[in-house]
Number of protein chains: 2
Amino acid sequence: MKERRQRAILTLVATRPVHSQEELVALLQRQGFEVTQATVSRDVKELGLAKVPIKSDRGDEIFKYVVPSAAVNYVSRLHRW
Amino acid sequence: MKERRQRAILTLVATRPVHSQEELVALLQRQGFEVTQATVSRDVKELGLAKVPIKSDRGDEIFKYVVPSAAVNYVSRLHRW
DNA sequence: AGTGAATAATAATTCAAG
DNA sequence: CTTGAATTATTATTCACT
């Protein structure tokens, strides 16, 4: 079902760097969700996940999907408003 | 030059909704920058611009490029920490 | 280093269907 | 209303060149 899958997605992207929707598909399938890229694309959209460029460990720029609320937490920790 | 173009990009995405890199190319060309999608893709990466799903005026979800700091402003306005 | 043309890779949407 | 297969659209990268 959609809700469980979307929860799983939020947990996944909060837990580790997810670089593409295909990677997300693979991770979800490992957890037993039968899902395709088309659906993940829709989930990403509904969840409002952003694709952002980040610095990798080796210094080069890569991409990662992030939860909007993660940005909030990050920012609040930075500024302590 | 790269720096001027990237400044222009930041201004553009802060000023209005930019939905794709091709749109960015068109807007830049209007300002006299000769640039292609390949370069804009690299600029987006260097600037750390995120592609995020947003609600359009008509209620449907579309995509938009945003500056990370724009997320900060948005969030701070939401929460008034 | 910075870029564009071409290409590969990735992501969004359409179309049909349950 | 939700989904997958196929398709289209978009974006990232490669390769050559400067």
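Sequence lines set the chain letters: A, B, ... in the order given, protein chains first and strands last, and positions in each chain run from 1.
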Expressed as a whole number of angstroms, how long is the span from [X]:[atom1] to [N]:[atom2]?
X	N	atom1	atom2	answer
B/E34	D/dT18	CD	C1'	16 Å
B/K2	D/dT18	NZ	C1'	16 Å
B/L28	C/dG4	CG	P	11 Å
B/Q29	C/dT3	CD	P	14 Å
B/D43	D/dA12	CG	P	11 Å
B/E3	C/dA1	CD	C1'	14 Å

Main chain of A/Q21, side chain of A/Q37: is a donor-acceptor contact present, judged purely on distance under 3.5 Å?
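No.
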Quick one: does any side-chain atom of B/T15 pair with a main-chain N or O of B/T11 as donor and acceptor, under 3.5 Å?
yes
Quick check for you: to the nearest 0.5 Å, what is the distance between A/I9 atom CD1 and A/Y65 atom OH?
11.0 Å
Contact list for residues 41-56 of chain A, test side chain to side chain donor-acceptor pair (under 3.5 Å), sequence neighbours left out:
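Side chain to side chain donor-acceptor pair (under 3.5 Å) check on residues 41-56 of chain A returns A/K2-A/E46, A/R5-A/D43, A/Q6-A/D43, A/Q6-A/E46, A/K55-A/E61, A/S56-A/D60.
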Nucleotide by nucleotide, nucleotides 7-18 of chain C touches protein heavy atoms under 4.0 Å in the pattern (B base, S sugar-phosphate only, - none) ---SBBBB----
Got B/L27 and B/R30 here, is their nearest side-chain heavy-atom distance under 4.5 Å?
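SC-SC contact between B/L27 and B/R30 confirmed.
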Is there a side-chain contact between B/Q31 and B/L12 (heavy atoms, below 4.5 Å)?
yes
